[in-house]
Amino acid sequence: MQENLAGTSKAIWADGRRALIEWYRVNHRALPWREKPHPYAVWLCEIIMQQTRIEQGLKYWHTFMNTWADVHALASAPLDEVLKAWQGLGYYSRARNLHRAAQTIAFERDGVFPRSATEWKTMPGVGPYTAAAIASICYNEPVAAVDGNVLRVISRYVDIKDPIDRPIGRKQVDTFTAQWIHPKEAGTHNQAVMELGALVCKPKSPLCPECPLESTCINAQPALGTTPIPPIKMGKTKVKTVNLIFNVVTNGTHVWMRKRPAKGIWGGLWEFPTQELSLGSELPEQPPSEAKILPTAIRSRSQWGEPFEHILSHRRLRCRFVVWHIESEPILDQGQWLSWQEAEAKARPRAIDRCWERLEKSCLTLDNL
Ligand code: SF4
């Protein structure tokens, strides 16, 4: 950052802030939680929209608002139903934390929402960005909400030369945004920076000639679609490849499913018993001769499904499923027999869902099992 808000540059940044807020008033997208922001609606929106495109998240936001109209309804809902409604969004810890926070607000705070960002940060699943967004949008607290869009906009606007995905660059963004936030219109200001990042200061092709910050931005480009140098990033850590085999054990009418432990990846969701192969091993070409999860006395016949890949943020899953046909309903480790209809109603990780879709499409259709 070449300048700070001290001295002569302060007036320039104040001009930029004024232009930004005027631009936002005219150009922002009409979204249902924006007109009369209520903490329940804004909090739901902020949790759902993390790592999610707004077009996709909007559908989920409406589902949640229509199913659980207030925090008391959400707090009283069974967790399984909340996870089921979340299905397809991924990052299920967000749904579990949402439910826990609803219970805290409804049962321990008598339905009174936190007001300040500091109070919001004590709620499960609410980090500094989400806390600042809710406190500024609902109560105009002058705290800067810094998400990925804001990092990009600010690193260009004030020309940050250090990587913004490392503490040295991030600290400069935080220092600037804390000084720049409008003292009386913090909610509008925060939303304006985020909206600018989504609509104008885009990752690959910023639309500088259309930008309200053009005259005060250090990296403004004269032509549409050219990319300014920032933001500088160090990049993500290496994605690990994991080989998984999903064991679909069925007697035709019922299937064995188990619920994953509450903590860890896919916590609280239902899966076909899954084997993780040791690191460095390949997915086998042929079905195994016996299911390690079945007692040896149980006779079984196996069919192998086509392999597929499923990508998570930090892992590449190479998956294959095998259907084990058996005639009885033995009690196996950690799980229960469910009819196919019951199993379908359970909240499942997306990777298991994809296995389910393949089961239905392949010659192993559920009717034939
Ligand atoms: S002028 Fe261009 S680079 Fe600067 S904030 Fe606006 S869109 Fe981004």
Side-chain angles (χ1 to χ4, degrees), residues 4-5 9-50 52-55 57-58 61 65 113-121 123 126-158 173-203 206-218 220:
N4 60 27
L5 285 190
S9 60
K10 189 170 181 177
I12 295 173
W13 303 136
D15 281 351
R17 185 174 63 196
R18 200 172 308 114
L20 173 69
I21 288 180
E22 278 166 21
W23 170 86
Y24 177 76
R25 290 199 205 290
V26 176
N27 293 287
H28 72 268
R29 291 167 290 181
L31 294 169
W33 53 84
R34 277 185 168 159
E35 301 317 316
K36 284 187 190 165
H38 183 281
Y40 179 62
V42 174
W43 166 56
L44 263 185
C45 145
E46 291 298 341
I47 300 295
I48 288 172
M49 299 301 168
Q50 289 167 17
T52 303
R53 282 178 299 107
I54 212 154
E55 304 77 37
L58 197 53
W61 182 86
M65 291 298 286
F113 285 92
R115 278 184 76 91
S116 68
T118 306
E119 263 190 298
W120 269 106
K121 274 191 274 188
M123 294 294 120
V126 176
Y129 159 75
T130 307
I134 304 169
S136 62
I137 294 169
C138 299
Y139 305 110
N140 250 332
E141 184 181 342
V143 280
V146 180
D147 68 354
N149 276 333
V150 176
L151 277 171
R152 182 176 63 257
V153 172
I154 300 303
S155 68
R156 289 172 176 168
Y157 187 50
V158 298
V173 174
D174 287 342
T175 303
F176 178 77
T177 51
Q179 294 176 78
W180 198 44
I181 183 103
H182 197 292
K184 296 199 176 123
E185 294 186 85
T188 306
H189 178 113
N190 275 335
Q191 292 183 92
V193 189
M194 290 184 241
E195 197 77 336
L196 191 79
L199 302 181
V200 178
C201 192
K202 299 179 181 190
L207 310 175
C208 299
E210 297 172 13
C211 179
L213 300 180
E214 190 200 11
S215 63
T216 55
C217 174
I218 295 173

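What you see below is based on every heavy atom in this structure, not just the backbone, and it leaves out hydrogens, waters and symmetry mates.
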task = Measure from the side-chain N and O atoms of Arg17 to the backbone N and O of His189, and report whether any donor-acceptor pair falls under 3.5 Å.
result = no
request  = Kindly compute the distance separating CD1 (Ile154) from CG (Asn149), expressed to the nearest 0.5 Å.
outcome  = 11.0 Å
Side-chain (Glu141) to main-chain (Ala117) donor-acceptor, under 3.5 angstrom = yes
query = Looking at Leu199 and Leu207, what are the two nearest heavy atoms and their distance?
reply = O-CD1, 3.8 Å
ask   = Is the side chain of Glu214 donor-acceptor paired with the backbone N or O of Glu210 at a distance under 3.5 Å, no angle test?
value = no
query = Within the side chain of Glu119, is there an N or O that forms a donor-acceptor pair under 3.5 Å with the backbone of Arg115?
reply = yes
remark   = On a heavy-atom basis, the closest approach of His182 and Lys184 is ND1-N, 3.1 Å
request  = Using distance alone, with no hydrogens and no angle criterion, decide if Asn190 and Ser136 have a side-chain donor and acceptor under 3.5 Å apart.
outcome  = yes
inquiry  = Strictly distance-based, threshold 3.5 Å: is any side-chain N or O of Trp33 a donor or acceptor partner for the main-chain N or O of Trp43?
reply    = no
message = For Tyr139 together with Trp120, are the ring centres under 6.0 Å from each other?
response = no
inquiry  = Looking at every heavy atom in both Met194 and Ala145, which two are closest together, and how far apart are they?
reply    = CE-CB, 4.0 Å
inquiry  = To the nearest 0.5 Å, what is the distance between CD on Gln179 and NZ on Lys10?
reply    = 8.5 Å
key: From CD1 (Ile134) to CE (Met123), nearest 0.5 Å   = 10.0 Å
Side-chain touch Trp13/Val158, heavy atoms, less than 4.5 angstrom = yes
task = Check whether any side-chain heavy atom of Leu58 lies under 4.5 Å from a side-chain heavy atom of Pro32, and answer yes or no.
result = yes
message = Treating Thr175 as the side-chain partner and Val173 as the backbone partner, does any N or O pair qualify as donor plus acceptor under 3.5 Å?
response = no
task = Quick one: sort the Tyr157 and Trp180 rings into parallel, tilted or perpendicular, breaks at 30° and 60°.
result = tilted
ask   = Which pair of non-hydrogen atoms, one from Ala178 and one from Ala144, has the smallest distance, and what is that distance?
value = N-CB, 4.3 Å
message = Once you measure the plane-to-plane angle for His38 and Tyr40, does it fall in the parallel (<30°), tilted (30-60°) or perpendicular (>60°) bin?
response = perpendicular
note = On a heavy-atom basis, the closest approach of Arg25 and His28 is O-ND1, 3.7 Å
task = Supply the atom-to-atom distance Gln191 CD to Arg34 CZ, rounded to the nearest 0.5 angstrom.
result = 5.0 Å
inquiry  = I'd like to check Pro203 versus Arg152 (side-chain heavy atoms, cut-off strictly below 4.5 Å). Are they in contact?
reply    = yes
ask   = After noting the C-alpha distance and the side-chain angles of Val193 and Thr177, does the key distance pass the side chain to side chain contact (heavy atoms under 4.5 Å, CB included) rule?
value = CA-CA 10 Å; Val193 189; Thr177 51; over 6 Å; no
key: Test item: Arg156 side-chain N/O and Cys217 main-chain N/O as donor-acceptor pair under 3.5 Å   = no
query = What's the shortest heavy-atom distance between Val42 and Pro37, and which atoms?
reply = CG2-CB, 3.8 Å
Intermediate values then yes/no, side chain to side chain contact (heavy atoms under 4.5 Å, CB included), Met65 and Leu44 = CA-CA 8 Å; Met65 291 298 286; Leu44 263 185; 3.4 Å; yes
message = Donor-acceptor check, side chain of Thr130 to backbone of Val126, threshold 3.5 angstrom: yes or no?
response = no
